[in-house]
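Note that the structure is predicted; figures quoted are calculated from it, not measured. Keep in mind that the numbers below use all heavy atoms, side chains included, and drop hydrogens, waters and symmetry copies. Starting from 1, each residue takes its place in the sequence as its number.
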Amino acid sequence: MSVLLMRKTLDQSQPFGLNLSKLAEMRRLPFDRLRANGIKQLAFIIVLLFSPFAEAQETSSTSNAEEPLTIVITTARTPVPLEDTITDITVIDGKAITRSGAESLPALLARQPGVEISRYGGPGTVASLFLRGTNSDHVLVLIDGVRTASLSTGTSSLETIPLADIERIEILRGAASMLYGADALGGVIQIFTKKAAAKPLSLAADAACGTYHTCSGNVSASGTQGLFRWAIGGGTEYSRGFNAITNPNNYSYNPDRDGYRSDHQRASLEFVPNDDNHITLAFLRNSMDAQIDASATDDDRTLTQASQTQLAGSHKLNEFWQTRWQLAEMHNDSRTLSGGDTYNYRSTERQYVWQNEFNIAHWVTGSSFLLALERDEEHLDSNTDYTVNTRNTDSLTGSYRWRYGDHSLQLSGRYDHSSQYGGQTNGGVNYGYRLAPSWQVTTGVATAFKAPTFNDLYYPGYSNPDLAPEKSRNIEAGLRHTVEWGALRGEWRATVWDNRVRDLIVFTCGNTGVCLPENIDHARLRGVTLATDLKYDDFGFSGSITQQSPKNEATGNWLPRRAQTYSSVTVSKTTGAFYNAVNLVASGRRYDDAANTTRLGGYGVVNLVTEWTAPPINTATLTWFARVNNLFNKNYQLVADYATGGVQLMSGVRGQW
């Protein structure tokens, strides 16, 4: 089995690895704190960033200006105002992405409520995401509604998706198979790519360079002419990188630099005859050539290319009925060069969706419902001889939404029939009640499932074709408070959840020494997340803290690479043409293995962002920006023996015309 597949398998789930012994339950580990001198340094940086221009460039407050209504899609598969949602969802808009200072998509997601990541080295290496403590293959990742996961590993190559192409991100936490089918056991992350500007022509470009000879550049153009909207874009990033493995005793240790190069292209054309109808043809392609440490002397590397093409349409037939359709094809090509061997995997997935939304408020106050038919065709090509490499799934989804006075209700259900694992039925209920105009309580219960991957089922010598899907039942409750006290605006949220997962797939070894995957383990994922997003005049404050218990119930051990406590806090200040922000990401101790024998220490990492926008010339704007990640050069690991690169600086300019 290739090194890349082994790494993705270790990050996936479960009580992964071979359970050779059963350990006693681990005592509760305290949340790691920043040392006292680190706190003093952080306070000094905040004062330094937020004070220099306070008197010289005062501007009037805009916090009381009415902000545009935020619309989300993922919570119900149809447009819903964010303030009307009764699920646990986060929206990251384009402005927040640009100003985040995150060097990659995994780094940006790690700052969001309920999200943790692990990574085998720098930004170009394999990254895994854990949402509310679930496994990395328990999170469904969509790009413009299209599934992105590899059919062999079951995970999406988040490290290949460039932030420059993203317009916004929606993170739906909690079981969501009742809307999206397989693999949404822990939640859904949906990425929306940039679309055309409303004016005839819009141009944008940026360039930056920094530590480890890292340089990036992106260009894009878009516009609207008559009935057509178009957009194109592309970019590249190169880095010499750093040595990924720091432990000479590791069997994969190689004292070389592990750099990477990534490229991306996108294009879309939209036909809009009127406000009620549009048809879109879109294409995107992301590629990554990343060096890895897998042997002592070879130049090992992974080459990943992900692409998708889709034709989609939306038509409002009358005031009661809107229909949407989508035809899409996704390719995920992975090639690993390791120890003189080559491992090739090409995933092809075709999706056909016909969705109908009915507004029946005329007959039943505040009511609407949705019906969707889907077909998913999967095919895996490889130089590894899989005994079966194709499966198809047909699905029917239904959802009913009702809102009356202070009450909100969403009922959802879905039936999936697969040529490999048979039928799966999942459902969910969400309810919300406004205690007062600014206070709302929510609750929900849902079931979900995760389909076995082709590696689990058919990889030669390491598979089990009789595996059943992993299943879960999630219960959660939330409290949300909208804050409007003078110039202070925003909200804070508290969410508690209990997700029981059964039939987890784990490798076990028999008396013959042959190790095969089996549905034998159970996990219980419980926790609470507190999150806030506030603005006061030109100050911004956002943050979250999660306390969780991600446990394998069969062994009593903690699931690998997941902390009991982790948090992220960002403080920002806009003063005239300057924007400054400081971010802290902190995590408690974790274990690197299923047996809980290898401990990873806790950490706290401080990141800085600053930017200055020059006075506009006509409609053109130019912004200088800089970021410092890991300001205090914290030495920490997300995977045992793998470095994270220390302090890193990046600076550049971006312009828009």
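- A salt bridge links D144 to K195: one of the charged nitrogens lies within less than 4.0 Å of a carboxylate oxygen.
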ask   = How far apart are the C-alpha atoms of I169 and V91, what are their side-chain angles, what is the distance that settles it, and do they pass the side-chain contact (heavy atoms from CB on, under 4.5 Å) test?
value = CA-CA 6 Å; I169 303 171; V91 179; over 6 Å; no
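- Checked by atom type, the side-chain pair N135/R562 shows a donor-acceptor distance below 3.5 Å.
- In summary, the side chains of T529 and T546 do present a donor paired with an acceptor at a separation below 3.5 Å, with no hydrogens or angles considered.
- R147 has its side chain within reach of D183: a pair of non-hydrogen atoms, C-beta onward, lies under 4.5 Å apart.
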key: From CA spacing to verdict: side-chain contact (heavy atoms from CB on, under 4.5 Å), L534, L488   = CA-CA 7 Å; L534 300 171; L488 181 64; 4.2 Å; yes
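- A distance-only check finds no donor-acceptor pair linking the side chain of Y566 to the backbone of V585 [under 3.5 Å].
- In this structure, a donor-acceptor pair under 3.5 Å is present between the side chains of T78 and E357.
- Under the 3.5 Å distance criterion, with hydrogens and angles disregarded, no donor-acceptor pair is assigned to the side chains of S368 and N359.
- Residues forming a salt bridge (Lys or Arg N to Asp or Glu O under 4.0 Å) with E374 (at least two apart in sequence, or on another chain): R77, R414.
- Considering only heavy atoms from C-beta on, V609 stays 4.5 Å or farther from N607 through its side chain.
- For the pair R561 and F130, the minimum side-chain heavy-atom distance is below 4.5 Å.
- With hydrogens and angles left out, the side-chain atoms of T148 and S156 include a donor and acceptor closer than 3.5 Å.
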inquiry  = Between E103 and R119, is the salt bridge (charged side-chain N to carboxylate O under 4.0 Å, His left out) condition met? List the steps.
reply    = CA-CA 13 Å; E103 76 275 13; R119 192 165 63 189; 3.4 Å; yes
side-chain hydrogen bond (donor to acceptor under 3.5 Å, both in side chains) assessment of D416 paired with S395 = CA-CA 4 Å; D416 294 273; S395 308; 2.5 Å; yes
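- Shown here are the ring-ring contact (aromatic ring centres under 6.0 Å, His included) partners of W354, two or more places apart in sequence or in another chain: there are none.
- Put simply, the side chain of E470 gets close to the backbone of I505: a donor and an acceptor are under 3.5 Å apart.
- The cationic group of K634 does not satisfy the cation-pi geometry with Y603, failing either the under 6.0 Å distance to the six-membered ring centre or the 45° limit from the ring axis.
- In this structure, the salt bridge (Lys or Arg N to Asp or Glu O under 4.0 Å) partners of D165, at least two apart in sequence or on a different chain, are R266.
- When side chains are defined from C-beta on, L396 counts as touching L373, because their heavy atoms get closer than 4.5 Å.
- Sequence neighbours left out, the pairs with a member in residues 85-98 that pass salt bridge (Lys or Arg N to Asp or Glu O under 4.0 Å) are D88-R132, D88-R173.
- In the model, W439 has a side-chain atom that pairs as donor or acceptor with a side-chain atom of H481 under 3.5 Å.
- A distance-only check finds a donor-acceptor pair linking the side chain of R590 to the backbone of G588 [under 3.5 Å].
- Checked against side chain to side chain contact (heavy atoms under 4.5 Å, CB included), T644 has the following partners two or more places apart in sequence or in another chain: Y636, L638.
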Got a list of side-chain donor-acceptor pairs under 3.5 Å for residues 404-411, not counting sequence neighbours?
{"residue": "H407", "atom": "ND1", "partner": "Y431", "partner atom": "OH", "Å": "2.6"}
{"residue": "Q410", "atom": "NE2", "partner": "T75", "partner atom": "O", "Å": "3.2"}

side-chain contact (heavy atoms from CB on, under 4.5 Å) evaluation trace for H417 with T393 = CA-CA 5 Å; H417 186 271; T393 304; 5.9 Å; no
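- Looking only at atom types and distance, the side chain of D521 has a donor-acceptor partner in the side chain of N552 under 3.5 Å away.
- Using modelled atom types, one finds no donor on one side chain facing an acceptor on the other under 3.5 Å when comparing E319 with H362.
- Side chain of N519 to backbone of A468: a donor-acceptor contact under 3.5 angstrom is found.
- W402 places a side-chain N or O within donor-acceptor distance of the main-chain N or O of T365, the cut-off being under 3.5 Å.
- Counting only distance, with no hydrogens or angles, the side chain of N426 and the backbone of A448 share a donor-acceptor pair below 3.5 Å.
- At a cut-off of 3.5 Å, with distance as the only test, no side-chain donor of Q351 or E349 sits close to an acceptor on the other residue.
- Using a 4.5 Å heavy-atom cutoff, the side chains of N629 and V606 are not in contact.
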Residues F358, F320; criterion ring-ring contact (aromatic ring centres under 6.0 Å, His included); working and verdict = CA-CA 5 Å; F358 303 93; F320 310 112; 10.0 Å; no
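- Remark: the backbone N or O of G145 is paired with a side-chain donor or acceptor of Q190 at under 3.5 angstrom.
- In terms of the side chain to side chain contact (heavy atoms under 4.5 Å, CB included) criterion, residue partners of R480 (sequence neighbours excluded) are, by chain and number, T85, R434, Q440, E491, R493.
- Residues W497 and N474 have side chains that never bring a donor and an acceptor to within less than 3.5 angstrom of each other.
- Remark: F192 engages no residue in a ring-ring contact (aromatic ring centres under 6.0 Å, His included) (not counting sequence neighbours).
- With hydrogens and angles left out, the side-chain atoms of Q564 and Q548 include no donor and acceptor closer than 3.5 Å.
- Among residues two or more places apart in sequence or in another chain, the side chain to side chain contact (heavy atoms under 4.5 Å, CB included) test is passed with R502 by K471, H522.
- Considering only residues two or more places apart in sequence or on other chains, R99 meets the salt bridge (Lys or Arg N to Asp or Glu O under 4.0 Å) condition with E611.
- You'll find the side chain of L82 stays beyond 4.5 Å of the side chain of I71, heavy atoms only.
- Under the side chain to side chain contact (heavy atoms under 4.5 Å, CB included) criterion, S314 pairs with H278, Q322, R324, not counting sequence neighbours.
- Salt bridge annotation for R599-D592: absent, with no cationic side-chain nitrogen under 4.0 angstrom from a carboxylate oxygen.
- Here the two rings, on F541 and Y536, have centers that are 6.0 Å apart or farther.
- For the pairing with N583, the side-chain hydrogen bond (donor to acceptor under 3.5 Å, both in side chains) check across S100, S542, S568 returns one residue only, S568.
- Between Q310 and I143, the shortest heavy-atom distance links the atoms NE2-O, 4.5 Å.
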inquiry  = Would R500 and E553 count as a salt bridge (charged side-chain N to carboxylate O under 4.0 Å, His left out) here? Give the steps.
reply    = CA-CA 10 Å; R500 292 178 178 268; E553 289 195 310; 3.7 Å; yes
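- Residues satisfying the salt bridge (Lys or Arg N to Asp or Glu O under 4.0 Å) criterion with D376, sequence neighbours excluded, are absent altogether.
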inquiry  = Pair L158, L129 - check side-chain contact (heavy atoms from CB on, under 4.5 Å), show working.
reply    = CA-CA 9 Å; L158 297 173; L129 180 145; 3.9 Å; yes
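- The shortest side-chain heavy-atom distance between L142 and I191 does not fall under the 4.5 Å cut-off.
- By the 4.5 Å heavy-atom criterion applied to side chains, P560 and D593 are not counted as neighbours.
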